[in-house]
There are 2 protein chains.
Amino acid sequence: MVQNFYAQESARPRAYYQHLQAMPRVKEFDPEEALDRALDMFWRRGYEGASLRDLLEHMEISRQSLYDTFGDKRSLFLKVLARYEALAVEGMLDTLTRTGWSRPIERPLTALVAIRGFFELFLAEVVLDRERGSCLMANTAIEVGPADPEIQAVVRAYFGRVEEALHAALERAHEAGELRPGSEPRALARHLVNTLYGLGIMSRAGAGRAALRQMIDVGLSVLAS
Amino acid sequence: MVQNFYAQESARPRAYYQHLQAMPRVKEFDPEEALDRALDMFWRRGYEGASLRDLLEHMEISRQSLYDTFGDKRSLFLKVLARYEALAVEGMLDTLTRTGWSRPIERPLTALVAIRGFFELFLAEVVLDRERGSCLMANTAIEVGPADPEIQAVVRAYFGRVEEALHAALERAHEAGELRPGSEPRALARHLVNTLYGLGIMSRAGAGRAALRQMIDVGLSVLAS
DNA sequence: GAAATTCTGGACCACCCAGTCAAGATAGTG
DNA sequence: CACTATCTTGACTGGGTGGTCCAGAATTTC
């Protein structure tokens, strides 16, 4: 999967050229970095809103380097979504599973504390960079909506993975007796996903840091026992 | 305000023509209905996504009837947003202030019950018509984002009014002793707004009716005493 | 050196966009 | 009837869109 991720040409293993008398010129730009720059552009302006010119300018590659490497705009966007999912899910699992002892302050990181830290992190990112507005997947869910089933499936899968990550953390909290008695981790996980992505909209709608924190506080108050 | 809402020409009172020897032909389409159809189009496809052709086709008026009556695309969109705000806020206040006695089932409608009914109504609409995806204002908040300050201000004001409506209902519930002791209606109102618009995204992201109802249940569970 | 491949840059395409204009039909008044 | 203003229809403009193609320079091997 990894070797077919970019265009066919650049995915050819070195051995492919062994029967030739000459080696081709190698790629000069880093496809991953270019993809990250495209990600940033799509994040800020949306799929339709990011024009080819915008993308090329921001990715700092030439027109057919893009077409050679990533295919057309839609393929590029799908690759961007895949990369976003990989990065975001990795980051989420990273903060959500960080239990044990925190070194600087020396106190136990329970699953509940990890969840709160997760929301704090989200808050910091969202407030810091309002232009991008929460989450590329949420933006995409609203922008392309039901018009493109394939993209919608990607978005759907992503939200499923987010719910699963939160659900796993809640299950751990549940087993440790941190949750209110009678809690259902599945329902709570869905509630947290809802709260999380509500925050993105509220931020874009102009809510300030204090208001967002209030929302997090109330939203998480259903967990504590 | 009402008489200047549409274009100047059609806002002229009948007396304006009295010095003329002839009366002009009257408008054949209903501007309000046309506006509602434009609203539907923008709701489904977004501002950029709804092309002039789409709008004209759906509004069933000619090209310059549109330009004569509503101005350019952006003006039309602003009028649509104003109409949406009027309709939505009216409807919200309608269901949120419906306290007293419900006739068919003969039981007291407390503020809390009214709030729950409000969310149920939202759920029904969202599930029924997933294409439009929750709320035009939420869609707009994400799509145009910080690119257009004027539109952003409209969106911001709208969310403020929603929060106020919920806050008023929560204040009434608070005075009636329906809320959990120590509750802050302001924080709860913000939480409810967050929950509400989160539902819109979750719906577009593929959440089913059952999952959405779970989110509502958990989200509202912070209110009950 | 030759060969192979990528790079850059610009030219080009057909298409869609929002917006404008003109012409003629239509309807309401006197 | 004449007059007025709106209606509908269609053509048109200027510009942006995604996408393709080509020529020449650059780079890496044999």
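Across the protein-nucleic acid pair, A:E60 atom CD and C:dC7 atom P stand 15 Å apart, rounded to whole Å. Protein atom CZ of A:F70 is 16 Å distant from nucleotide atom P of D:dG18, rounded to whole Å. For the pair A:M41 CE and D:dT17 P, the interatomic distance rounds to 11 Å; values are reported in whole Å. The separation between B:L66 atom CG and C:dG19 atom C1' is 11 Å, rounded to whole Å. Rounded to an integer number of Å, the gap from B:I61 CD1 to D:dT9 C1' is 14 Å. We find that CG of B:D72 is positioned 16 Å from P of C:dC17, with the value rounded to whole Å. Atom P of nucleotide D:dG18 and atom CZ of A:F42 are separated by 9 Å, given to the nearest angstrom.
Side chains of B:H191 and A:Q214 form no contact here, defined as non-hydrogen atoms less than 4.5 Å apart. At least one side-chain heavy atom of B:D54 sits under 4.5 Å from a side-chain heavy atom of B:S51.
Panel note: side chain A:R172, backbone A:A111; no donor-acceptor pair is recorded below 3.5 Å. A donor-acceptor pair under 3.5 Å links the side-chain atoms of A:E143 to the main chain of A:E48, judged by distance alone. At least one donor-acceptor pair closer than 3.5 Å links the side chain of B:H58 to the backbone N or O of B:R37.
B:F42 and B:Y47 have parallel rings, their planes meeting at less than 30° on a 0 to 90° scale where 60° marks the start of perpendicular.
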May I have the step-by-step check of side-chain hydrogen bond (donor to acceptor under 3.5 Å, both in side chains) for B:S75 and B:D72, ending in yes or no?
CA-CA 5 Å; B:S75 311; B:D72 62 3; 2.7 Å; yes
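No N or O donor and acceptor, one from the side chain of A:R63 and one from the base of C:dT8, sit under 3.5 Å apart. Between the side chain of A:Q64 and the base of D:dT20, no donor-acceptor pair of N or O atoms lies under 3.5 Å.
Regarding contacts with the backbone of C:dC7, every side-chain N or O of A:S62 stays at 4.0 angstrom or more from both OP1 and OP2.
For A:Y67, the side-chain atoms get nearest to D:dG18 when compared with the rest of D:dG18, C:dC7, C:dA18.
Contacts with DNA chain C (heavy atom under 4.0 Å) in residues 46-57 of chain B: B:A50, B:S51, B:L52, B:R53, listed by number.
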